[in-house]
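Quick note on labels: first sequence line is chain A, next is B, and so on, each numbered from 1.
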Amino acid sequence: MKLRISTLTRDLSSREKVAFYVPLVWLCAVVFLSLAAPLLTMRVELKELPVVKPTPVSTSTTTPTGNTQNPGGVTNLGGGGSATTTAPVTSTTVAGTTTTSPSSSSTSNEAVTEKRLVAVDPIIPIPGFKLKPWDRSWETVKEIPSPRIPGEGPSGDHWLGTDELGRDMLSRLIWGGRVALAVGIVSVLVAMVIGGSLGMLSGYLRGRTETFLMTIVGSLLAFPALILVIAIVAFLGQDLQNIVLAIAVVAIPSFARISYANTLAAAQREYVLAARSLGASRFRILRREILPNIFLPLSAYALVVTAVAIVAEGGLAFLGLSVPDPKPSWGSMINDGRKPLTLDGTWHISFIPAIVMFLTVLSLNLIVDRIRQIAEGKESKL
Amino acid sequence: MSRDEFLRIEDLHTSFKTGRGIVRAVDGVTLSLARGESLGIVGESGSGKTVLARSIMGLLPPRATTRTGKIFFNGEELTAMDSERLRDYWGAQIAMVFQDPMTALNPVMKIGRQVTEHMIHHMNVDRDNAKQIALKLLTEVGIPEPGKRFDDYPHQMSGGMRQRIMIAIALACGPSLLLADEPTTALDVTVQAQILRLLAEQRAERNMSMILVTHDLGVVASNTDRVAVMYGGRIMETAKTASLFANMRHPYTKALFDSIPNLKNPSHTELTVIPGRPPDLVNPPPGCKFAARCDYATDQCRSEEPTLQTDGDTEHSFACWHPVGVRGKAGVSNA
Ligand SMILES: Nc1ncnc2c1ncn2[C@@H]1O[C@H](COP(=O)(O)OP(=O)(O)OP(=O)(O)O)[C@@H](O)[C@H]1O
Ligand SMILES: [Mg+2]
């Protein structure tokens with residue numbers, strides 16, 4: 001059965017349409033931004049750049065951005081992400097920037113190097129618009145050099161501000177979206193395929209298969225989910241792949257139960273008997289008669305689990321068990337904000353990822369409601 | 001019997017194990033059917049007609065079901081085959097039309113797909129050929145503009161159309177035996193007549209045998225060569241359709257016939273109803289199953305179960321100690 005969006009919204013009032021399309025647009029945006037993350041953010045590295053000091057006065061303040069020579073068009077990101085700033089910056093070179101003298105000589109025009117954040121993949125120049133305005137310095141850099149301001153509020157350079165280490169929040173949110181996408185889509189798909197087939201087999205074949213499979217599913221369901229996730233992640237190691245796997249394992253039994261119940265009902269239907277009377281094999285009946293009829297309830301449930309999985313990742317992050325540290329995920333970003341929460345003006349570090357997660361989960365639930373409504377309508381039509 | 005026996009059923013019993021006990025839904029049925037013949041099975045609700053039809057195919061719920069007796073189809077014993085082997089018969093040689101076209105079509109599969117699916121499987125044709133055959137078939141069963149309907153879903157069609165689709169699906173692989181289980185019960189009267197005519201046409205054209213299950217004696221009268229009247233899982237009376245209607249011997253058949261409206265009666269004539277309820281199939285009483293509701297029942301009826309016997313006409317047999325009707329005096333012999 002083809003599921004067109006127009007059939008989903010056919011008989012909706014305009015207010016209900018808003019409640020359907022706005023969440024849909026939000027989810028599409030999240031998916032799109034996450035997938036396009038490498039295009040939207042630039043990779044940066046900390047590089048030693050020669051600094052030419054015109055005035056060799058040892059105690060004077062310098063204007064680092066104005067005098068830096070950028071080798072080969074590399075953008076200097078040390079001073080707030082902009083290489084074109086001409087206004088004198090009042091910060092001193094000392095703060096956070098290591099200035100080294102390669103030779104002990106004290107000639108006036110000595111070559112001094114300075115550690116700065118430098119973009120390594122070039123920006124595509126579009127006049128008036130920086131295509132890749134957000135950096136992902138956390139990939140390569142342990143500590144962000146000043147004069148980046150940690151916990152800075154939204155500004156022109158950092159639209160959603162910076163986090164407690166001075167990293168760009170927006171680019172971290174976009175990259176964190178990939179984790180949400182991985183647990184929300186990959187885990188759920190894996191769980192849906194495995195759990196769904198287990199449930200279908202038990203529900204259609206019955207007998208010993210049913211007893212065997214449903215016992216396994218039942219005991220897995222009886223195991224505390226959080227403990228199981230923690231155990232799997234702790235045992236296999238803390239990386240994205242294992243987190244996805246752990247959440248999938250935890251979600252399998254509930255998918256199996258849902259598909260089992262729906263298969264039991266579908267197998268009683270007369271069209272299944274009709275197909276059998278026409279000589280269809282068991283496998284063909286499962287694939288052609290039962291699967292299409294349990295797909296809608298199963299996928300509506302999958303969207304619910306997607307929301308739960310995204311929140312579960314947040315829970316794991318709170319326990320420090322999500323993707324390892326410098327890599328961002330929404331959960332770990334919320335967690336990061338806990339530390340400086342007492343400082344003034346840094347509420348956004350936790351708040352923004354929390355809002356993003358909230359909106360995503362809300363959108364999923366709104367859409368599930370609509371799909372469920374349709375599934376029920378179709379049931380009553382049978 | 002000396003007629004060529006296309007289908008022969010010998011002493012078929014089908015029972016289900018339930019919480020209440022063993023339900024004997026089919027309790028010793030012997031029947032035969034010639035090639036191209038049409039047999040009607042009538043009986044009130046719960047008399048075991050559906051179970052009989054499904055037992056003939058072997059399409060019974062696998063758990064808690066026992067079926068004994070023998071079924072020969074075209075000389076081959078169906079009851080001795082495993083499900084793998086049976087699957088080659090199902091759909092290809094024996095096909096079934098179900099009672100309710102609303103539930104017997106898959107709601108999420110296009111009807112074209114439902115017609116061609118089994119053809120591709122049984123007849124080794126490719127998708128395009130199957131589609132050509134299916135379009136022709138849909139025209140035959142009276143679907144206007146089948147090309148346009150090919151991609152419709154069942155819910156886009158009326159009940160009558162869906163039953164035509166069901167018939168097209170059943171006929172797709174050219175079966176030689178069609179089991180139609182109340183194919184018109186869910187349809188309104190005008191559509192009923194069309195569907196029955198369609199079945200008759202197709203049967204004649206394909207020299208196909210048909211078992212038509214119904215509770216409507218009117219349907220039986222005009223659509224079958226022979227009739228078997230069923231009650232409580234047993235055959236009570238069986239005869240050529242014409243001779244049965246001319247001369248009903250079993251009180252149950254008579255009661256069944258009296259309970260349908262007759263235009264010859266003046267209006268507001270009260271219909272005769274059969275008193276009582278169908279027998280409990282779990283603990284059937286000894287003797288004739290109909291005895292409890294029969295006007296003519298005697299002590300013999302309540303203690304001894306009658307077997308099918310003939311009385312003059314060898315093709316007309318009935319299971320009754322005290323048959324009604326004319327030929328009561330002739331020598332009674334066991335069939
Ligand atoms: N799977 C089953 N398990 C237990 N009992 C069954 C099962 N299928 C049928 N029966 C019983 O067998 C008996 C005969 O049922 P059947 O469906 O054959 O009646 P029918 O003559 O087709 O009636 P109708 O005209 O209402 O279709 C009924 O008493 C029914 O309860
Ligand atoms: Mg029935």
Hey, can you pull the donor-acceptor pairs under 3.5 Å for the side chains in residues 52-61 of chain B, sequence neighbours left out?
residue	atom	partner	partner atom	Å
B:S55	OG	B:T14	OG1	2.9
B:S55	OG	B:V51	O	2.6

Next item on the list: Answer whether the closest heavy-atom distance between the side chains of B:R87 and A:S281 falls below 4.5 Å.
Entry: yes
Next item on the list: Looking only at non-hydrogen atoms, find the nearest pair between B:P107 and A:Y271 and report the distance.
Entry: CD-CE2, 3.4 Å
Next item on the list: Please state whether the side chain, the backbone, both or neither of B:I94 comes within less than 4.5 Å of a heavy atom of chain A.
Entry: backbone
Item checked: Residues in residues 124-142 of chain B near chain A [non-hydrogen atoms, under 4.5 Å] -> none
Checklist line | A:E270 vs B:M102 side-chain heavy atoms within contact, under 4.5 Å | finding: no
Checklist line | Gap between atom CZ of A:R284 and atom CD of B:E117 - 0.5 Å precision | finding: 5.0 Å
Item checked: Pairs meeting criterion ring pair (Phe, Tyr, Trp, His ring centres under 6.0 Å) with involvement of residues 290-314 of chain A, two or more places apart -> A:F255-A:Y301
Note to self: Can you confirm whether A:R282 is buried at CZ, in the sense that more than 12 heavy atoms of other residues, nucleotides or ligands lie under 6.0 Å from that atom?
What the structure shows: no
Margin query: With a 4.5 angstrom heavy-atom cut-off, is it the side chain or the backbone of B:Q114 that approaches chain A, or both, or neither?
Written below: neither
Next item on the list: Locate the shortest heavy-atom distance separating A:L273 from B:F98; write the atom from each residue and the value.
Entry: CD2-CE2, 3.4 Å
Check: In terms of heavy-atom proximity below 4.5 Å to chain B, should A:R288 be classed as side chain, backbone, both, or neither?
Finding: both
Note to self: Counting only heavy atoms from other residues, nucleotides and ligands, does the tally under 6.0 Å from CD of A:Q241 exceed 12?
What the structure shows: no
Checklist line | Inter-residue atom distance A:Q268.CD - B:T103.OG1, 0.5 Å rounding | finding: 12.5 Å
Next item on the list: Measure B:D100 against the heavy atoms of chain A and call it side chain, backbone, both or neither at under 4.5 Å.
Entry: both
Next item on the list: Name the option with the most non-hydrogen atom pairs under 4.5 Å to chain A; the candidates are B:Q99, B:R113, B:R63.
Entry: B:R113
Next item on the list: Could you pull out all residues at least two apart from B:E145 that satisfy side chain to side chain donor-acceptor pair (under 3.5 Å)?
Entry: B:K148
Next item on the list: Verify, without hydrogens or angle tests, whether B:H122 (side chain) and A:L278 (backbone) share a donor-acceptor contact under 3.5 angstrom.
Entry: yes
Note to self: As an exercise: rank A:A280, A:A266, A:A274, A:S277 by heavy-atom pairs under 4.5 Å with chain B and give me the winner.
What the structure shows: A:S277
